[in-house]
Amino acid sequence: MADDYLVRIGKLIRDARQHRGWTQSQLAEALGTSQSAVNRIERGNQNISLEMIARIGEALDSEIVSLGYAGPMHLRVVGGRSLSGSIDVKTSKNACVALLCASLLNAGRTTLRRVARIEEVFRILEVLNSIGVRTRWINDGNDLEIVPPAQLDLDAMDTEAARRTRSVIMFLGPLMHRTNRFRIPYAGGCDLGTRTVHPHMAALRHFGLEVTATTGSYHAEVDRSFAPRRPIVLTERGDTVTENALLAAARHPGVSVIRNASSNYMVQDLCFFLEQLGVRVDGIGTTTLTVHGLASIDRDVDYSPSEDPVEAMSLIAAAVVTSSELTVRRVPIEFLEIELAVLEEMGLDHERSTEYPADNGRTRLIDLTVRPSKLRAPLDKIHPMPFPGLNIDNVPFFAAIAATAQGSTLIHDWVYDNRAIYLTELTRLGAGVKLLDPHRVLVEGPTRWRSAEMMCPPALRPAVVVLLAMLAAEGTSVLRNVYVINRGYEELAERLNSIGAQIETFRDI
């Protein structure tokens, strides 16, 4: 075995041992060998058999090597480099997954332009394909064509893929128009604590959908005699809750009024798409949506989802934490106005282009140039609110930004049960982040970032925040098992490299 392979295997064993919290002596005891032998193995100075690697992996409860399939993807980041040039914002992840679910409303062909090629989209496609929907990438893999069958085979649903995405909950709205009885697996996705599905059930009950939760699945039955007799008031102004209500209303013949609706970016994109299907939606961009549903929909449609404001915020944050001058193009400004107002208050030096329309003809875009700035902590706490407030998914990026600013910043992430806890991972990279309770952290800046090796947090946005901090940290950092980042970002490492970052992707041997 070549020496470089021994060194790489040794580093993997060392990382797995440290992640387990064991000393070399503890591992040696579990293997029935000496601490000096473990030390030689970790330094790459001792030949090691596959049998011994398997024994070590079993002892550490970690797959040291992957045989026969691709193992987890990791990132090696050389930090302390300035970013420069320009980069385009990709289309919205959250809009794309909603539109994939909405394609089930249509008996005709749906073509979606510039669909994000991310793991979350791939999981939904796997579920759609398993129940008989034909999908194919066209135009050099940029666009997606979707053709449903006359009859869905719901018994053949790929439950493993479905459980890996929370977006599968949005199958409830369209599937209730295809059959009277069905089941879907519990929704998965990020580990963000308990997120009740009760608001979904309460909204859909107005359309005759009753859902019973059993072990691992939601069992749904539809009573066709039901119809909304009064406006539907959502108990939570959630994005997916509003989308599910819209999907149910779109094929309900008659007028449905949805109040306390989210007016966020992905909801607006879904409304624009429903209009392409012939469904009239009044009040787009407000908290009251009036849907003029159709009993059936059968038309060929071509739609371009808009750009992702959360990815735009990610790229803005990347420029801020690395003290770089960077132009972020195709920024959906109407969904970032509060964030930019806060950054202006903190002292951000930036320049905006004139506005221009997105490919959907409705969303307003700008090009934004961010310059190196000396930031100060904001006067008020950072906290999310439903649109047009500061976006819930953009809150974590302010942890990295606040860490570069002079002073103390209170971040209150009241929506999720434990996402704020993941922001304390920034302390391993040198940041002063103090957890006050499961929803609040206090960030002290400025930070002298330092490199580290660490596991990727299991929540998408905190994981990207850690990666951005690694870009700012002098030296080489390693971020392990980045599947959660690939769920929401298309080729993020490669795209950051195109503007001056130095990130290498690698897998276990």
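Every heavy atom of this structure was used, including side-chain atoms; hydrogens, water molecules and symmetry mates were not.
Between Glu351 and Arg371 a salt bridge is recorded (basic side-chain N to carboxylate O distance below 4.0 Å). Salt-bridge formation is not detected for the pair Glu311/Lys90: no Lys NZ or Arg NE/NH1/NH2 atom is positioned less than 4.0 Å from an Asp or Glu carboxylate oxygen. A salt bridge links Asp88 with Arg329: the distance from a Lys NZ or Arg NE/NH1/NH2 to an Asp or Glu carboxylate oxygen falls below 4.0 Å. Residues Glu126 and Arg123 are paired through a salt bridge, judged by an N-O separation under 4.0 Å between the basic side chain and the carboxylate. In summary, Glu145 and Arg136 engage in a salt bridge, as defined by a charged side-chain N under 4.0 Å from a carboxylate O. Salt bridge Lys93/Glu119: absent, no basic N to carboxylate O contact under 4.0 Å. Salt bridge status for Glu344 with Arg352: present, with a side-chain N to carboxylate O gap under 4.0 Å.
At a threshold of 4.5 Å between non-hydrogen side-chain atoms, the residues Leu460 and Asp393 do not count as touching. Counting only heavy atoms from C-beta outward, the side chains of Leu125 and Ile146 never approach each other to under 4.5 Å. Within the 4.5 Å cutoff, no side-chain heavy atoms of Leu204 are placed close to those of Val211. Put simply, the side chain of Met157 does not reach to within 4.5 Å of the side chain of Phe182, judged on heavy atoms. Using a 4.5 Å heavy-atom cutoff, the side chains of Leu343 and Met313 are in contact.
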**OP:** Evaluate the side chain to side chain contact (heavy atoms under 4.5 Å, CB included) criterion for residues Phe397 and Glu339: first the C-alpha distance (whole Å), next the side-chain angles of each, then the deciding distance (0.1 Å), finally the verdict.
**Re:** CA-CA 10 Å; Phe397 299 110; Glu339 286 83 342; over 6 Å; no
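Checked by atom type, the side-chain pair Asp367/Tyr356 shows a donor-acceptor distance below 3.5 Å. In this structure, a donor-acceptor pair under 3.5 Å is absent between the side chains of Thr286 and Ser263. No side-chain donor-acceptor contact under 3.5 Å links Thr111 and Asp302.
Atom-to-atom distance recorded for Leu270:CG and Leu246:CG is 5.5 Å, nearest 0.5 angstrom.
With Thr165 contributing its side chain and Glu120 its backbone, the two residues share no donor-acceptor pair below 3.5 Å.
Residues passing the side chain to side chain donor-acceptor pair (under 3.5 Å) test with Glu275 are Arg362, sequence neighbours excluded.
Residues Phe272 and Tyr303 keep their aromatic ring centres 6.0 Å or farther apart.
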